Amino acid sequence: MDDSLLSLYAEVLALSRASKNSIRKHFIDLKTYNGWNVTEVKTDTREAQIGSDAFKKSKEEIARLRCEMICNAEKITDKEEKRLKNFSSRTALMEAKISRYWIEKFYDEDISPALVELDDETRYQSKVRMMAAYLSNEDQSINHDKPQQQNFSADRNFNYTRKILLKELFIAAKLCDAEGKFIKDKLICHEDLIEFKKICNSKRGEIETILKIDVRNDLDKKPMTQLGIFLNLLGISRNKPKNYDLNGKRVRYHAINYSTLEEVVKYAKKQLRKLE
């Protein structure tokens, strides 16, 4: 983490993202500078909502059809999967067979609508791998990182580095004990995140480079939102916050959804066993 190349990469990445975040303003300024008269068109809120609702329904229908096709697809062997992969152009049925093969192989479970939904077009697999890295011991971390040992320093994707950074963040947020283990039924409030905010600010470059996550500009006002983004990396969600009256003051407390933690840990441990 003291690698000077990593620090340089983090700085360049931060500047690049800052520029992209202001791309609309830069575009308008450029056109104005070049003599254009820029007229901003107001959004039709009603029409935008209709379009948004239609888009949401279409996505849900596509997801339903995809799930149905994968669950009904023929179970294939390793040899058959390799054969189908070699086709430059594949039908939807062929893709469904391949998807079923990899979902069952990754989770080590028979296909089901619930498993397809959980997989979320392989997005959940990334979260399981991240949790596996978080839970891994030193030897397992090395095995995870071996394929990347020859990469240029700034492009490395070392799980061990991610694990250390995430543990530091979760311990600071008082969600974990000193070893980085999540504390069951732990409640935290805004005031518990003072140290968490300090680390987010001091390690902004490392967070954006290693975890590929932007530190929010409103971190001071919404630290729980930032924490939720880190938890989501590991496939952990939060329960709905609850208000408690303490000494005449209403305080909002948050807790992780422990069932989502247990589920992702279950699959992460399966991945770690493959490294033994």
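Keep in mind it's a predicted model, so treat the numbers as computed, not measured.
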(message) K174: which residues meet the salt bridge (Lys or Arg N to Asp or Glu O under 4.0 Å) condition with it, sequence neighbours left out?
(response)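 For K174 the salt bridge (Lys or Arg N to Asp or Glu O under 4.0 Å) partners, ignoring immediate neighbours, are D192.
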
(message) Please give me the minimum heavy-atom distance between I70 and S99, naming the atom from each residue.
(response)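 In terms of heavy atoms, the two residues are closest at CD1-CB, 3.8 Å.
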
(message) For a 4.5 angstrom cut-off between non-hydrogen side-chain atoms, does K270 reach R273?
(response)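 Yes; the side chains approach each other to less than 4.5 Å.
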
(message) I want to check something: taking the side chain as every heavy atom from C-beta on, are L261 and M131 in contact at a cut-off of under 4.5 Å?
(response) yes

(message) Quick one, D44 with R46, criterion salt bridge (charged side-chain N to carboxylate O under 4.0 Å, His left out). Give me CA distance, side-chain angles, the key distance, then yes/no.
(response) CA-CA 6 Å; D44 187 323; R46 180 176 173 277; over 6 Å; no

(message) Can you see whether E81 engages W102 through a side-chain donor-acceptor pair at a distance of less than 3.5 angstrom?
(response)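 Judged by distance alone, the side chains do pair up.
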
(message) I want to check a possible cation-pi pair here: K240 against Y253, using under 6.0 Å from ring centre and within 45° of the ring axis as the test.
(response) no

(request) State plainly whether one hydrophobic cluster holds both Y258 and L227, where clusters connect Ile, Leu, Val, Met, Phe, Trp and Tyr through side-chain heavy atoms under 4.5 angstrom apart. (result) yes

(message) Starting from L165, can I reach F230 by hopping between I/L/V/M/F/W/Y residues whose side chains sit under 4.5 Å apart?
(response)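 They do share one cluster, since a chain of ILVMFWY contacts under 4.5 Å joins F230 to L165.
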
(request) Look at the rings of F170 and Y134 and say which category their plane angle falls in: under 30° parallel, 30 to 60° tilted, over 60° perpendicular. (result)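 Taking Y134 first and then F170, their aromatic rings stand perpendicular (interplane angle over 60°).
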
(request) Mind checking ring pair (Phe, Tyr, Trp, His ring centres under 6.0 Å) for Y124 and listing every partner two or more places apart, or none if nothing turns up? (result)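 None.
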
(request) Could you tell me whether E179 atom CD has more than 12 heavy atoms of other residues or ligands within 6.0 Å of it? (result)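 No, CD of E179 has 12 or fewer neighbouring heavy atoms, counting only those of other groups under 6.0 Å.
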
(message) Can a donor-acceptor pair be found, under 3.5 Å and without considering hydrogens, that links the side chain of D119 to the backbone of T122?
(response) yes

(request) Given salt bridge (charged side-chain N to carboxylate O under 4.0 Å, His left out), test K97 with E80 step by step and report yes or no. (result) CA-CA 10 Å; K97 291 179 180 179; E80 180 65 9; 5.3 Å; no

(message) Taking side-chain hydrogen bond (donor to acceptor under 3.5 Å, both in side chains) as the definition, give me every residue that meets it alongside N243, ordered by chain and number, with sequence neighbours left out.
(response)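 Residues passing side-chain hydrogen bond (donor to acceptor under 3.5 Å, both in side chains) with N243: R252.
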
